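To find a chain, count down the sequence lines: A is the first, B the second, and so on, and within it residues start at 1. As the structure is a computational prediction, the values presented were derived from the model and not from experiment.
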There are 2 protein chains.
Amino acid sequence: MKAPPHQVAGHQARDGKLGPLIDAAGHFYKPLQGDERGLKEAAFYTAFSSNKSIPDHIRKFFPIFHGTQLLEASDGSGMHPHLVLQDLVSSRLSPSIMDIKVGSRTWPLQAPEDYIDKCLRKDRESTSLSLGFRISGLQVYGSKESGFWKPDKKMIKRFSAVDVRLVLRKFVSSNASADSGLDPDCCFASIVYGGSDGILAQLLELKAWFEEQTIYHFYSCSVLLIYDEELVLEGRSCGVEVKLIDFAHAVEGNGVIDHNFLGGLCSLIKFLSEVLEAPKCCTIKACPQVEEEP
Amino acid sequence: MKAPPHQVAGHQARDGKLGPLIDAAGHFYKPLQGDERGLKEAAFYTAFSSNKSIPDHIRKFFPIFHGTQLLEASDGSGMHPHLVLQDLVSSRLSPSIMDIKVGSRTWPLQAPEDYIDKCLRKDRESTSLSLGFRISGLQVYGSKESGFWKPDKKMIKRFSAVDVRLVLRKFVSSNASADSGLDPDCCFASIVYGGSDGILAQLLELKAWFEEQTIYHFYSCSVLLIYDEELVLEGRSCGVEVKLIDFAHAVEGNGVIDHNFLGGLCSLIKFLSEVLEAPKCCTIKACPQVEEEP
């Protein structure tokens with residue numbers, strides 16, 4: 001049991017704090033949050049797992065759920081209930097990951113007033129209200145020497161629309177780094193965002209489902225974009241994945257589509273399309289780094 | 001000059017109040033609202049009219065703009081500036097009309113704090129937040145004897161999700177009336193909502209544009225659904241129209257899609273699709289009223 005090395009957002013099991021743990025068998029143990037949120041997320045996973053109306057091509061976007069388990073908490077406070085989930089990056093060496101909270105509103109209608117106030121303030125201060133989504137965390141693999149570019153939380157919280165546009169380009173660039181003045185080369189854009197198995201294709205699949213499904217509304221839920229530069233360089237586009245995580249605020253849809261999530265998703269799709277369309281996007285072959293490959 | 005006979009929402013030029021006027025030549029004179037809203041709406045129409053990037057198949061959804069004009073105000077207060085717009089129902093005898101404010105959020109980010117508070121409260125109290133749209137007004141033609149069913153404003157303000165579902169069915173029924181306990185027969189659903197020229201087809205055209213356009217964000221803007229039972233009975237589906245109105249809170253999109261309007265539009269599309277899919281929808285031929293036609 002150890003803290004996940006590639007966690008980009010959320011509470012972390014470091015410095016004696018409560019956070020998720022992983023094992024070597026590909027499980028991700030997420031401690032149930034103390035208030036009712038933890039129970040709600042467990043209830044969501046339980047109901048979702050057995051819901052036969054979720055098509056397989058949609059189920060693949062959700063982490064596999066293995067139930068709940070009492071475990072020694074990472075903060076040394078003793079036994080604590082954990083969700084046992086699929087570790088989404090267990091098989092990856094150097095995953096580039098972005099956590100994007102989707103929807104301009106992160107609070108369900110039924111939430112308590114003080115919680116709504118807090119969320120609404122965060123939604124207004126971040127890009128949630130303006131763009132329909134906000135980046136909650138990310139890491140971008142650079143090279144064996146430079147390792148990951150992983151901007152700190154405070155910096156991410158201050159991301160403006162302009163920053164978001166830049167970061168979505170950096171995420172698929174071979175020259176992303178903290179203080180690089182270089183324009184992102186968008187080397188991996190066509191293979192990571194584009195293509196028939198790429199992130200855009202997967203998001204469009206999700207979008208089609210959200211235009212129809214009225215079972216769930218996902219507030220404060222994140223889309224996780226994952227790829228592994230090593231795999232992409234080998235031309236294995238299967239390394240590109242979209243996953244949905246964080247369901248503490250998933251509520252019943254009551255026959256109405258999740259227009260809030262859908263709107264944000266459409267906005268994200270438009271942003272990613274624009275990275276692909278931008279003339280600065282080179283093809284993977286035009287990248288110096290890739291030309292060095294045998 | 002007279003008050004429009006078929007206005008279903010907004011301020012009305014009755015009882016010495018300030019409201020819109022129409023003339024016999026098909027013009028609709030909308031008084032500029034006293035605060036900056038009036039000027040903003042005039043600025044929107046001016047900019048929109050000359051914006052060459054609006055495709056014709058989208059422009060048709062907007063009222064034609066003929067500039068502004070100083071006119072004797074309907075409240076007798078003297079000369080007042082008015083927008084001169086196309087009267088959308090001038091050629092119609094007995095139009096059934098529904099005004100639907102689209103978007104779960106009716107306020108732009110830049111709005112003053114007290115205005116945001118007021119709008120947010122209304123959005124939460126109405127179906128805007130839950131459904132992504134709210135009905136602001138409607139009239140449904142019944143017959144020469146019964147005239148129109150036109151629920152009063154107070155009743156409309158209290159519409160729940162269940163009411164909205166019912167009203168969207170009544171809107172295309174031959175037996176819609178205030179206190180009818182009958183299930184709406186949805187006689188006109190297939191021709192008004194369905195078909196290649198119907199409301200759904202038109203809303204889908206709009207939706208495709210909203211997935212791409214980043215020029216404008218439309219807060220507190222309404223979709224107007226219009227049809228004329230007489231024309232529909234004659235099989236003239238051209239009588240079915242979708243129009244966008246109310247642009248006092250249209251703001252620049254700054255390169256971001258209007259995810260708020262788009263989400264609400266998708267929700268409305270889903271609601272209307274469900275009226276079409278519902279087994280109780282009869283075809284127009286199965287309606288007793290239509291069978292009487294020669």
Side-chain angles (χ1 to χ4, degrees), chain A residues 102-105 107-111 113 116-117 119-121 123-134 160-162 164-165 203-204 207-214 217 219 251-274 277-278, chain B residues 102-105 107-111 113 116-117 119-121 123-134 160-162 164-165 203-204 207-214 217 219 251-274 277-278:
Chain A
V102 174
S104 63
R105 171 160 60 95
W107 45 276
L109 272 174
Q110 310 86 325
E113 214 54 37
I116 293 178
D117 288 347
C119 290
L120 185 56
R121 186 173 49 72
D123 296 346
R124 290 174 70 177
E125 287 170 0
S126 70
T127 62
S128 289
L129 264 182
S130 55
L131 307 188
F133 63 88
R134 68 175 179 249
S160 66
V162 172
V164 166
R165 236 178 251 284
L203 292 179
L204 287 169
K207 176 189 167 217
W209 184 61
F210 272 93
E211 285 173 346
E212 287 299 324
Q213 76 88 12
T214 62
H217 285 194
Y219 297 102
V251 297
E252 283 186 18
N254 293 322
V256 180
I257 65 164
D258 189 351
H259 45 86
N260 175 64
F261 190 97
L262 177 59
L265 186 60
C266 289
S267 178
L268 176 61
I269 286 170
K270 176 72 171 158
F271 269 76
L272 298 182
S273 312
E274 284 172 357
E277 286 160 12
Chain B
V102 174
S104 63
R105 170 159 62 96
W107 46 277
L109 272 174
Q110 309 88 324
E113 214 53 36
I116 292 178
D117 288 346
C119 289
L120 185 57
R121 186 174 47 74
D123 297 345
R124 289 174 70 175
E125 285 170 1
S126 70
T127 62
S128 289
L129 264 182
S130 56
L131 307 188
F133 63 89
R134 67 174 180 250
S160 67
V162 172
V164 166
R165 237 177 252 283
L203 292 179
L204 287 170
K207 176 189 167 219
W209 184 62
F210 272 93
E211 286 173 345
E212 288 298 325
Q213 77 87 13
T214 61
H217 286 195
Y219 298 101
V251 297
E252 285 186 16
N254 293 321
V256 180
I257 65 164
D258 189 350
H259 47 86
N260 176 64
F261 189 97
L262 176 59
L265 186 60
C266 289
S267 179
L268 176 61
I269 285 170
K270 175 73 171 157
F271 269 77
L272 298 182
S273 310
E274 284 172 356
E277 286 160 12

> Which bit of B/Leu262 comes within less than 4.5 Å of chain A, counting heavy atoms only: side chain, backbone, both or neither?
Replying inline: side chain

>> If I measure from the heavy atoms of chain B, does A/Ser273 come under 4.5 Å with its side chain, its backbone, both, or neither?
In response: neither

> So which part of A/Phe271 gets closer than 4.5 Å to some heavy atom of chain B, the side chain, the backbone, both or neither?
Replying inline: side chain

>> Please classify the contact between B/Asp258 and chain A as side chain, backbone, both or neither, with a heavy-atom cut-off of under 4.5 Å.
In response: neither

> Hey, which of B/Gly255, B/Ala161, B/Pro108 has the most heavy atom pairs under 4.5 Å with chain A?
Replying inline: B/Gly255

>> Tell me if a side-chain donor or acceptor on A/Arg105 pairs with a main-chain N or O of B/Leu129 at a distance below 3.5 Å.
In response: yes

> Can a salt bridge be assigned to the pair B/Lys270 and A/Glu212 using a cut-off of 4.0 Å between side-chain N and carboxylate O?
Replying inline: yes

> Roughly how far apart are B/Cys266 SG and A/Glu211 CD, rounded to 0.5 Å?
Replying inline: 5.0 Å

> Taking side chain as C-beta onward, heavy atoms only, is A/Val256 less than 4.5 Å from B/Arg165?
Replying inline: yes

>> Quick check: closest heavy atoms across B/Arg124 and A/Ile116, and the distance to 0.1 Å?
In response: NH2-CD1, 3.4 Å

> Quick one: what part of A/Leu120 sits under 4.5 Å from any heavy atom of chain B, side chain, backbone, both or neither?
Replying inline: side chain

>> Report which part of B/Ile269 has an atom under 4.5 Å of a heavy atom belonging to chain A: side chain, backbone, both, or neither.
In response: neither

> Given a strict heavy-atom distance threshold of 4.5 Å, which part of B/Phe210 is in contact with chain A: side chain, backbone, both, or neither?
Replying inline: neither

> Going from NE2 on A/His259 to CG on B/Leu131, what distance comes out if it is rounded to the nearest 0.5 angstrom?
Replying inline: 6.5 Å

> Contact part of B/Ser130 toward chain A, heavy-atom cut-off under 4.5 Å: side chain, backbone, both or neither?
Replying inline: both

